[in-house]
Amino acid sequence: MRDAAGIRGPFPGTVVADTTEDVRRRAAGGGRQVAVLPVGSFEQHGPYLPLATDTLVACAVAGAIAAAHPVHLLPPVTISCSHEHAAWPGTVSISAATLHAVVRDIAASLRRSGVAALVLVNGHGGNYVLGNVVQEASARGERAALFPAAEDWEAARLRAGVTTSLLTDMHAGEIETSVLLHAHPEQVRPGYENADLVADDRRHLLSLGMSAYTDSGVIGRPSLASAEKGEKLLASLVDSFGAYFALLTRESEGAAEGTPGGERG
């Protein structure tokens, strides 16, 4: 729906509907509690996907996880580190230090309430600092993980029949458009069918920003997207999350081979 100013929203499914009693019941089930925090962004995604795309993707992944695992689902962080998209109107960023502090404060608050483990479900590849947050937390003996890792995205890509490689599918491409066609089809506007752009050599991205590689803001092949692929992507990520949940809830503290953690670039 649009209001009188032509603004779409709000987005369904991005705010948690739990009561405090719901959380109490989960805690009474025994075992170590795991919180899941979606981290998105507010940045351009071409002319056909909303600025909140990364938040919607992170919430879709986190919501699917919560439907399959007894986790404490948190509302999303909706503005993050989108500085490379500053050339487009509507993009809003905070500093890496601010995002680091926000996530660390959330983790500390959770621990005070008895939730010992935190998974960051990252929807924006530019949130590099989240990897440092998890590294530092783990070094302090806290339980934390960053999800999905590149390997999780690659497994999901293959399972869903996504044609575009993770390198090529950089922004507003086949994967993100497919997830939104499945989870929020009303938010996908016409135009993605003819918006393909490949720019695999992006070695100066951090220095020059996205505008050096794309006029539209798109890098990838959104024309190949489908709701069916989006559904399969989410199903694969839910399956991959099982290893993270097992790692964070097990009793032993020893190092695990193949400890999960990472993100899609």
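Just so it is clear, the values below take in all heavy atoms, side chains as well, and ignore hydrogens, waters and symmetry mates.
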Considering only distance and modelled atom types, tabulate donor-acceptor pairs under 3.5 Å from the side chains of residues 56-75, sequence neighbours left out.
residue : atom : partner : partner atom : Å
His72   : ND1  : Arg26   : NH2          : 3.4

Exercise for the section: Say whether Leu37 and Ile94 are linked into one hydrophobic cluster, either directly or through other cluster members, by side-chain heavy-atom distances under 4.5 angstrom. Expected result: yes
Problem - Cluster check Val36, Phe245: I/L/V/M/F/W/Y, side chain < 4.5 angstrom - result: yes
Exercise for the section: Would you name the heavy atoms of Thr55 and Gly40 that are closest together and state the gap between them? Expected result: OG1-CA, 3.4 Å
Handout entry: Non-hydrogen atoms of Arg143 and Leu247 that approach each other most closely
Key = NH1-O, 3.4 Å
Exercise for the section: Can you sort out the partners of Ser113 under side chain to side chain donor-acceptor pair (under 3.5 Å), two or more places apart, ordered by chain and number? Expected result: none
Completion exercise
Closest non-hydrogen atoms of Pro89 and Leu51, given as atom of the first, atom of the second and distance, are O-CD2, 4.3 Å
Problem - Side chain to side chain, Trp153 and Ile175, heavy atoms closer than 4.5 Å - result: yes
Practice task
Following the transitive rule for hydrophobic clusters with a side-chain heavy-atom cut-off under 4.5 Å over Ile, Leu, Val, Met, Phe, Trp and Tyr, establish whether Val121 and Leu248 coincide in one cluster.
Solution key: yes
Practice task
For the residue pair Gln33 and Leu110, establish whether any side-chain heavy-atom pair is separated by less than 4.5 Å.
Solution key: no
Practice task
Look only at the side chain of Ser178 and the backbone of Ala227, and say whether a donor-acceptor pair between them is shorter than 3.5 Å.
Solution key: no
Fill in the blank from the handout: The side chain to side chain donor-acceptor pair (under 3.5 Å) partners of Ser41 (sequence neighbours excluded) come to Glu43, Asp54
Problem - Whether over 12 other heavy atoms sit under 6.0 Å from Arg140 CZ - result: yes
Problem - All side chain to side chain donor-acceptor pair (under 3.5 Å) counterparts of Asp215, not counting sequence neighbours - result: none
Exercise for the section: Kindly compute the distance separating NE2 (His100) from CG (Asn127), expressed to the nearest 0.5 Å. Expected result: 12.5 Å
Handout entry: Spacing of Leu197 atom CG and Thr214 atom OG1 [to the nearest 0.5 Å]
Key = 5.0 Å
Problem - Of all pairs that satisfy salt bridge (Lys or Arg N to Asp or Glu O under 4.0 Å), the ones with a partner from residues 95-118, not counting sequence neighbours - result: Arg111-Glu142
Exercise for the section: Measure the spacing between NE2 of His171 and CD1 of Ile219 and express it to the nearest 0.5 Å. Expected result: 8.0 Å
Exercise for the section: Could you pull out the closest heavy-atom pair between Asp22 and Asp18, with the gap in Å? Expected result: OD2-CA, 3.4 Å
Handout entry: Any residue meeting side-chain contact (heavy atoms from CB on, under 4.5 Å) with Ala116, in chain and number order, not counting sequence neighbours
Key = Arg32
Problem - Partner residues of Thr78 under the side chain to side chain donor-acceptor pair (under 3.5 Å) criterion, sequence neighbours left out - result: none
Fill in the blank from the handout: Here the salt bridge (Lys or Arg N to Asp or Glu O under 4.0 Å) pairs for residues 230-240, sequence neighbours left out, are Arg159-Asp239, Glu228-Lys232
Problem - Passing candidate, side-chain contact (heavy atoms from CB on, under 4.5 Å) with Met210, options Arg202, Gln44, His83 - result: Gln44
Practice task
Kindly compute the distance separating CG (Leu146) from OH (Tyr244), expressed to the nearest 0.5 Å.
Solution key: 7.5 Å
Practice task
Applying side-chain contact (heavy atoms from CB on, under 4.5 Å), name anything that partners Thr168, two or more places apart in sequence or on another chain.
Solution key: Thr164, Ser165, Val198, Asp200, Arg221
Completion exercise
Contacts satisfying salt bridge (Lys or Arg N to Asp or Glu O under 4.0 Å) that involve residues 70-97 (not counting sequence neighbours) are none
Fill in the blank from the handout: What one should report as the nearest heavy-atom pair of Ala172 and Thr177 is O-OG1, 3.5 Å
Problem - Shortest non-hydrogen contact from Ala150 toward Leu166 - result: O-CD1, 3.7 Å
Problem - Lys229 side chain to Leu224 backbone, donor-acceptor under 3.5 Å - result: yes
Handout entry: Nearest-0.5 Å distance that lies between atom OH in Tyr128 and atom CG in Leu99
Key = 13.0 Å
Exercise for the section: Could you name each residue pair satisfying ring-ring contact (aromatic ring centres under 6.0 Å, His included) that touches residues 202-226, not counting sequence neighbours? Expected result: none
Exercise for the section: Could you go through the side-chain contact (heavy atoms from CB on, under 4.5 Å) check for Leu180 and Leu49 one step at a time? Expected result: CA-CA 8 Å; Leu180 261 65; Leu49 295 183; 4.0 Å; yes
Problem - side-chain contact (heavy atoms from CB on, under 4.5 Å) partners for Glu193, two or more places apart - result: none
Problem - Check: Ser82 and Ser93 side chains under 4.5 Å, non-hydrogen atoms - result: yes
Exercise for the section: Treat each ILVMFWY residue as a node, draw an edge where side-chain heavy atoms are under 4.5 Å apart, and state whether Val129 and Val103 are in one component. Expected result: yes
Practice task
Decide whether Val92 and Val102 are clustered together by the hydrophobic rule: side chain heavy atoms of Ile, Leu, Val, Met, Phe, Trp, Tyr closer than 4.5 Å, transitively.
Solution key: yes
Fill in the blank from the handout: Interatomic distance, CZ@Arg157 vs CG@Asp152, rounded to 0.5 Å, equals 14.0 Å
Handout entry: Donor-acceptor under 3.5 Å (His124 side chain, Val39 main chain)
Key = no
Handout entry: Side chains of Leu237 and Phe147 in contact at under 4.5 Å (non-hydrogen atoms)
Key = yes
